[in-house]
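Everything numeric here is computed off the predicted structure, so don't read it as measured data.
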Amino acid sequence: MLREVAVTDLAPGMYIAELDRPWLETPFPLQGFYIRTDDDRNSVARFCEFVMVDPRRYDAGLANASSCRLDSAMGGTAKRGARRHARAGFGRAHSTAYEDIRSFEIELPEAREALNESFERFETAWQALLGHSSLKANELRDAVKPLVQSVLRNKDALIALLRVQRVDQHTHQHCLAMAVWAALLGRQMGFPAGQIETLAYGCSLCDVGKARLPSAVLHKEAALTDEEFALVRAHVEHSLQLLEEAQVHDRPVLEIVRWHHERMDGSGYPDRLQRDQIPVFARIAGIVDSYDAMISPRIHVEARSSYQALVELQDRSPQLYNTELVDQFAQAIGLFPNGCLVELSSGEVGIVCAQNTGRRLRPKVMLVMHADKRRRTEFDIIDLTRYGEHDLSIARELRTGEHGIDAKEFFL
């Protein structure tokens, strides 16, 4: 469906879906963008010779607006070589290098308050949907904002809380968790704060349509029949209908909700899109949706460890998931995320409490058990980067609650 276009032939209204070089080597937004002015085209020409354009997303309104602006500026006469200012917004494509502005310990109480309040809001909204009330979209957006702000202040605190507080696979908790994971990946990718909020908000709405599914199907313990699976797939259309009724018309949000089940090889649904036909925000939503489902306990299915889930995502790339985004996600959360229970090569048991940038296998760990599995009375924190790999390392991630250790008591 994509069409190769020389940069010199780009015109306002065209949607660039793919470049002739890796996205991260340019300042452009990974989810693609519209050409709005000749200056936009000139900016692309600094990096590329040709691009892939998605004809389905051509915006005639931008093309007409461009012509009107040119006619007005030039007295109705188009002149070659005319220079115009770039539209506000294109320059915001430059990535942001985020740094934690609060320590883990200082951010933890505020992150806890934000998460607890958001859990309550999402549960209230979900119960209302089950009672056939309308979707309170603005309330959910307000619930997502403090979560995004917490992630931007410190990338570790909210993630640790999310992991230790999740005890089931309720749909509204899954939606909220998707928002948090997406915000973390958005920060890792350097998206502007406004885009991260849009990304998180869209992910929080992905499964609202499941409230319109028959309860017997949604909570069925046995394997679904083909007919029942078709009903589950219909939750995408139900979600879009709820968003339409709630007057949510933000295009990136609608794209996330519609296409978060699309996969790189075209095996997803509802439109069987492939590769760069899938907007980047929707690709991110697909990754965080799958990851959170993997690490959450379900009926007759034991939750995978975070490490196992990341390995599975990487194994399924690039067939199902974008390899670069999966790698960025792994860098964002660490192979052993905050809040996970681990056993060290010494036999000691601890809880990961902080990441070391660039050393994903060597986080900081709070020791809670001796090598003989006796509970410690003092919980020392060690930095694995200060030990040689053959001296001390993480041997494996443990299941939540193993050895009677509940991480909640250390973070809550």
Side-chain angles (χ1 to χ4, degrees), residues 1-2 15 17-18 30-32 54-57 129 135 169 171-172 174-175 177-179 181-182 185 199-220 222-246 248-296 298-299 301 309 312-323 325-326 329:
M1 297 294 294
L2 301 184
Y15 185 85
E18 187 176 341
L30 294 178
Q31 69 269 29
D54 189 342
R56 299 167 303 172
R57 302 179 70 175
L129 286 175
L135 175 67
Q169 181 65 2
T171 302
H172 66 277
H174 175 61
C175 290
M178 282 183 63
W181 297 124
L185 180 50
L199 171 62
Y201 176 53
C203 286
S204 77
L205 298 172
C206 281
D207 284 349
V208 294
K210 287 186 177 180
R212 295 292 182 261
L213 299 182
S215 179
V217 172
L218 192 59
H219 301 291
K220 185 177 179 181
L224 298 177
T225 65
D226 290 343
E227 293 77 10
E228 290 168 337
F229 189 60
L231 287 175
V232 171
R233 284 188 168 192
H235 82 273
V236 172
E237 294 302 327
H238 292 311
S239 295
L240 292 171
Q241 180 61 40
L242 287 169
L243 294 182
E244 176 66 25
E245 294 171 358
V248 176
H249 303 302
D250 190 334
R251 179 180 289 178
V253 171
L254 297 178
E255 290 177 347
I256 290 169
V257 174
R258 181 173 184 84
W259 290 321
H260 70 284
H261 283 295
E262 299 290 353
R263 296 295 179 258
M264 300 295 283
D265 61 0
S267 62
Y269 65 90
D271 299 316
R272 300 185 69 84
L273 301 184
Q274 298 182 38
R275 299 181 62 77
D276 291 319
Q277 293 176 344
I278 310 169
V280 167
F281 277 12
R283 287 184 244 168
I284 288 175
I287 290 171
V288 300
D289 178 36
S290 298
Y291 172 79
D292 192 69
M294 290 177 189
I295 66 170
S296 302
R298 289 175 288 170
I299 300 173
V301 179
E312 186 167 340
L313 287 174
Q314 291 172 335
D315 287 345
R316 293 183 178 182
S317 302
Q319 288 76 25
L320 301 185
Y321 309 104
N322 179 274
T323 303
L325 290 176
V326 170
F329 186 54

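At least one donor-acceptor pair under 3.5 Å links the side chain of D54 to the backbone N or O of R56. Side chain of E255 to main chain of F281: no donor-acceptor pair is present (N/O by atom type, distance under 3.5 Å, no hydrogens or angles). Listed for the R212 side chain is a donor-acceptor partner under 3.5 Å among the backbone atoms of L129. Of the possible polar contacts, one joining the E262 side chain to the L273 backbone as a donor-acceptor pair under 3.5 Å is found. Between the side chain of D207 and the main chain of K210, no donor-acceptor pair closer than 3.5 Å is present. With E237 contributing its side chain and A234 its backbone, the two residues share no donor-acceptor pair below 3.5 Å.
Using a 4.0 Å cut-off between a side-chain N of Lys or Arg and a carboxylate O of Asp or Glu, R283 and D276 qualify as a salt bridge.
Between atom NE2 of residue H249 and atom CD of residue E244 there is a gap of 5.0 Å, rounded to the nearest 0.5 Å. How far OG of S317 is from CG of L325: 9.0 Å, rounded to the nearest 0.5 Å. Summarising the geometry, atom CE belonging to M178 is positioned 8.0 Å from atom CG belonging to D292; distances are rounded to the nearest 0.5 Å. We find the OH-CZ distance between Y291 and F329 to be 5.5 Å, quoted to the nearest 0.5 Å.
Judged as a salt bridge (charged side-chain N to carboxylate O under 4.0 Å, His left out), and not counting sequence neighbours, R251 has no contacts. Contacts of H261 classified as ring pair (Phe, Tyr, Trp, His ring centres under 6.0 Å), with partners at least two apart in sequence or in another chain: H235, Y269.
Between T323 and M264, the closest side-chain pair of non-hydrogen atoms is not below 4.5 Å.
Heavy atoms only, all atoms of each residue included: V288 and A182 are closest at CG1-N, 3.9 Å. Between L185 and I284 the shortest heavy-atom distance is CD2-CG2, 3.7 Å. Closest heavy-atom contact between S290 and L313: CB-CD2, 4.1 Å.
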Worksheet item: Are Q241 and E245 close enough, and set up right, to give a side-chain hydrogen bond (donor to acceptor under 3.5 Å, both in side chains), and what steps lead you there?
Response: CA-CA 6 Å; Q241 180 61 40; E245 294 171 358; 3.2 Å; yes

